[in-house]
Amino acid sequence: MNILKKYKFDIIDLDCAHCAKEVEEAINEMGGIQNCVVNFGTSKITLESELDNTLEEIRKVAKAVEPECIIKEIREEKENKKDYGLTRLVAGTFLAVLGFASIIPNQTVSTVFIVFSYAILLYRTFTKSIKQIKGKIIDENLLMVISCIGAFLIGERLEGLMVVLLFEIGKILESKAISKSRKSIKDLMDIKPKYANLKNENGETKQVEPEEAKIGDIIVIKEGEEIPLDGIVISGNASLNTAALTGETKLYDVKENSSVLSGSINVDGLIEVKVTKTYEDGTVNRILELVEQATDKKAKTETYVSRLAKVYTPIVIILAILVAIFMPMVITEISYSESIYRALTFLVIACPCSIAISVPLSYFSGIGKASKLGVLIKGSDYLDGLKDINNIVFDKTGTITKGIFTVTEIKALDSDISKDEVLKYVAIGEQISNHPMAKAVLNKYSKELDTDKVEKLEEVSGRGIQYEIDSKKVRIGNINFILENSDTKVEDIKTTGTVIYLSIDNVLKGAILLEDQIKDNVKEVMQKLNKLGIKTRMFTGDRVETAEEIAKKAGIQEIKAQMLPQDKFNEIEKVIEQNEKGKKVVFVGDGINDSPVLARADIGISMGGVGASSAIEASDVVIMTDEIDKIITGIEISKKTNRIIKQNLIFAIAVKVIILALSVLGISNMWQAVFADVGTTIITIFNTLRILK
């Protein structure tokens with residue numbers, strides 16, 4: 001059995017979301033291919049294959065489904081394929097004018113011009129429909145061919161010609177509208193650095209590709225340049241513009257030992273940076289991958305439209321045949337020539353272009369708009385789900401609060417220990433932790449730590465840290481962890497802050513009090529969420545007293561305190577099980593211990609700035625600015641996107657139904673049919689682009 005390998009290719013000249021879905025399904029049906037996803041929004045195709053000649057094989061299948069599409073290696077030079085659509089349009093129109101103009105008296109010559117005009121204008125649609133029939137696919141291209149040729153045969157040559165002429169114009173405008181949308185999205189996320197100024201041992205710099213730099217290398221960022229890789233400033237000062245990453249326009253000042261993210265722009269100053277992450281693992285590449293993969297996950301509405309389109313066209317053709325055959329039998333005044341004309345008009349009206357393209361394009365635009373504002377949404381299903389939130393659960397530290405702790409008090413709870421010793425014992429343990437509280441303790445203890453005698457140092461997830469030193473068993477953490485093997489009673493420490501307790505040989509010896517500040521405008525955000533009918537909760541491992549005070553200041557409706565990661569997971573499951581059908585439960589967090597809950601929630605939202613990598617990976621939405629009000633931004637974009645999708649669907653379906661009815665009754669003709677097809681498509685596309693504003 002061959003091993004499956006992952007592949008990613010460019011797929012270009014694909015201008016229809018429905019066509020992309022058909023290509024995806026056809027490739028997935030191939031032997032040796034699994035998990036193929038054609039991303040219409042980013043023109044990328046990803047799959048797993050055990051075939052030796054994967055690219056050639058999928059090209060064959062894709063060509064059978066969508067003849068004009070090209071699949072190529074991502075690093076291949078772009079093929080300068082000329083688009084002859086406009087040339088065909090001009091040539092066909094010119095011949096049509098000659099054929100219908102009265103300046104040519106010879107009827108035969110006029111007919112020849114008209115036939116050539118038909119052939120030129122219908123060429124693309126005809127060849128495409130024939131190739132798709134071979135691939136067992138029937139879509140709007142076949143509808144258009146049947147309608148135009150049928151109109152010609154029953155003597156309605158001008159109307160048939162105008163159908164294909166306007167159809168071609170619509171396709172050209174549609175292609176340009178899609179290109180504009182793709183360019184808008186690309187411009188929003190065009191943050192990939194072009195080069196890195198790599199400094200060698202001699203102090204000389206040379207420009208290299210960001211991918212060439214390694215961890216530990218020194219790079220120089222001059223004024224006006226983009227930071228190509230994540231790192232730490234080792235010399236210099238600068239003001240950075242991080243808007244491309246976070247949507248925040250305020251400049252970020254950095255100095256020695258400051259962390260910097262790739263994609264930031266050095267507005268003022270000169271800095272040298274020590275690389276801490278390769279380009280592949282850096283911020284820019286992570287963002288680009290999230291956005292690129294975002295539309296791979298289809299929302300329910302989009303999937304429904306795709307399923308509907310597969311049966312829609314055959315049904316329409318059958319109905320048109322029934323109209324053509326049986327209408328003269330039912331209404332004796334109507335001839336077969338007229339019933340065929342009405343059936344052909346019916347086919348033109350029924351083309352599903354506007355419905356098939358407006359839904360996925362709307363989601364794609366919504367994701368792009370959110371990205372511009374610093375909210376990375378990993379899939380259209382998550383964008384769609386944000387509008388349905390009715391329960392939102394927050395972690396405390398780094399989410400509701402800033403996650404920047406300060407030590408406010410050190411208490412010695414036994415006469416044989418000093419405050420300095422309490423701080424030292426806690427600092428020894430906290431050196432292995434990345435938690436903000438650990439950093440606060442280590443900042444407070446300015447002396448050098450002697451760790452030579454430390455043994456069995458380990459972190460107990462969600463509870464604390466334990467180690468041995470000088471034959472003493474030391475524990476630091478929450479009170480339940482400290483006293484699980486002790487009968488000692490806790491002194492009543494009157495404080496509203498967070499507490500780290502210390503025990504030695506199962507005897508409570510001390511406590512360190514820390515305080516964390518609530519993030520700006522958290523209370524306003526909670527009020528807005530409550531007005532939207534969304535219940536707010538907070539899950540935290542902190543003490544009940546601290547949690548209650550934070551919740552009171554923030555305006556959070558319900559709290560659960562002193563929770564382990566498993567407790568949070570179990571509790572979120574209960575909330576989901578008891579939740580109203582069709583509504584979503586959201587969890588917002590930033591820590592490693594939040595990862596399981598973020599993955600379990602209907603929608604997981606992580607803080608991308610201070611958040612742990614595992615939390616960001618497990619989440620469905622990443623807020624790059626760490627600003628909690630971006631949740632409101634995401635909800636608003638979701639509602640706007642959904643509103644525009646509904647507008648497009650209602651408009652397109654209403655126009656089609658009305659003109660379909662009129663065509664069967666003989667009131668509407670091919671002109672109205674063309675508007676029902678091409679006109680609605682163009683209108684819905686331009687309506688969709690309002691999302692980007």
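None of the values given here were measured: they were computed from a predicted structure. All values below were derived from every heavy atom in this structure, side-chain atoms included, with hydrogens, water molecules and symmetry-related copies excluded.
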TODO: Compute whether any side-chain donor of one residue and acceptor of the other, for Gln34 and Asn28, lie under 3.5 angstrom apart.
DONE: no
Open item on the list: If we ignore hydrogens and angles and just use 3.5 Å, is the side chain of Lys630 paired with the main-chain N or O of Leu373 as donor and acceptor?
Closed with: yes
- [ ] Measure from the side-chain N and O atoms of Ser117 to the backbone N and O of Gly92, and report whether any donor-acceptor pair falls under 3.5 Å.
- [x] yes
Open item on the list: Please report the interatomic distance CD1(Ile367) to CG(Leu376), rounded to the nearest 0.5 Å.
Closed with: 10.5 Å
TODO: Go through Lys5 and Glu50 one step at a time and tell me if the salt bridge (charged side-chain N to carboxylate O under 4.0 Å, His left out) criterion holds.
DONE: CA-CA 6 Å; Lys5 295 181 180 179; Glu50 60 182 31; over 6 Å; no
Task: Heavy atoms of other groups near Phe94 CZ, more than 12 under 6.0 Å - done: no
Open item on the list: Please check this pair: side chain of Tyr7 against backbone of Thr46, looking for a donor-acceptor N/O pair closer than 3.5 Å.
Closed with: no
- [ ] Starting at CG of Leu532, measure out to CD1 of Ile635 and round the result to the nearest 0.5 Å.
- [x] 6.0 Å
Task: Interatomic distance, Thr536 atom OG1 to Gln527 atom CD [nearest 0.5 angstrom] - done: 10.5 Å
Open item on the list: Which residue in the set Leu386, Val585, Leu383, Ile377 passes side-chain contact (heavy atoms from CB on, under 4.5 Å) when paired with Ile603?
Closed with: Leu386
Task: Minimum-distance pair of heavy atoms, taken over all atoms of Val323 and Ser339 - done: O-CB, 3.8 Å
Task: Neighbour count above 12 (heavy atom, 6.0 Å) for Lys387 NZ - done: yes
Open item on the list: Under a 3.5 Å distance rule, please check whether Lys640 uses its side chain to pair with a backbone N or O of Arg690 as donor and acceptor.
Closed with: yes
Task: Spatial distance of atom CD (Glu636) from atom NZ (Lys369) [nearest 0.5 Å] - done: 11.0 Å
- [ ] Look at the side chain of Glu24 and the backbone N and O of Val38, then say whether any donor-acceptor pair between them is shorter than 3.5 Å.
- [x] yes
Task: Atom pair NZ (Lys535) and CG (Leu529), whose distance is rounded to the nearest 0.5 Å - done: 14.0 Å
- [ ] Quick one: closest heavy-atom pair of Arg59 and Ile71, and the distance?
- [x] NE-O, 2.6 Å
Open item on the list: Just so I know, are the side chains of Phe152 and Val115 near enough to count as touching, which here means a heavy-atom distance under 4.5 Å?
Closed with: yes
Open item on the list: With rounding to the nearest 0.5 angstrom, report the CD1 to OG distance, Ile645 to Ser362.
Closed with: 4.5 Å
TODO: Determine yes or no for a side-chain-to-main-chain donor-acceptor pair under 3.5 angstrom, with Asp10 supplying the side chain and Lys72 the backbone.
DONE: no
Task: Within 6.0 Å of CZ in Phe651, more than 12 heavy atoms from elsewhere - done: yes
TODO: Could you verify whether a donor N or O on one side chain and an acceptor N or O on the other, from Asp384 and Ser638, lie under 3.5 Å apart?
DONE: no
Task: Heavy-atom closest pair, residues Pro328 and Ile334 - done: CB-O, 3.4 Å
Task: Which residues share a ring pair (Phe, Tyr, Trp, His ring centres under 6.0 Å) with Phe126, sequence neighbours left out - done: none
Task: Listed partners of Asp388 passing side chain to side chain donor-acceptor pair (under 3.5 Å), at least two apart - done: none
Open item on the list: Treating Lys63 as the side-chain partner and Cys69 as the backbone partner, does any N or O pair qualify as donor plus acceptor under 3.5 Å?
Closed with: yes
Open item on the list: To check you understand the geometry: which heavy-atom pair defines the closest contact between Ala343 and Ala320, and what is its length?
Closed with: CB-O, 3.2 Å
Open item on the list: Can you tell whether the side chains of Glu57 and Lys60 come within less than 4.0 Å, N to carboxylate O?
Closed with: yes
TODO: Take Glu338 and Arg342 through the test salt bridge (charged side-chain N to carboxylate O under 4.0 Å, His left out) and record every step on the way to the result.
DONE: CA-CA 6 Å; Glu338 190 174 352; Arg342 293 186 185 183; 2.8 Å; yes
Open item on the list: Taking Leu122's backbone N and O only, do any of them form a donor-acceptor pair with Thr125's side chain (distance below 3.5 Å, no angle check)?
Closed with: no
TODO: Give the minimum heavy-atom separation between Ile534 and Asn391, together with the two atoms involved.
DONE: CG2-N, 4.1 Å
Open item on the list: I need the minimum non-hydrogen distance between Ile27 and Cys36, along with the two atoms involved.
Closed with: CG2-SG, 3.7 Å
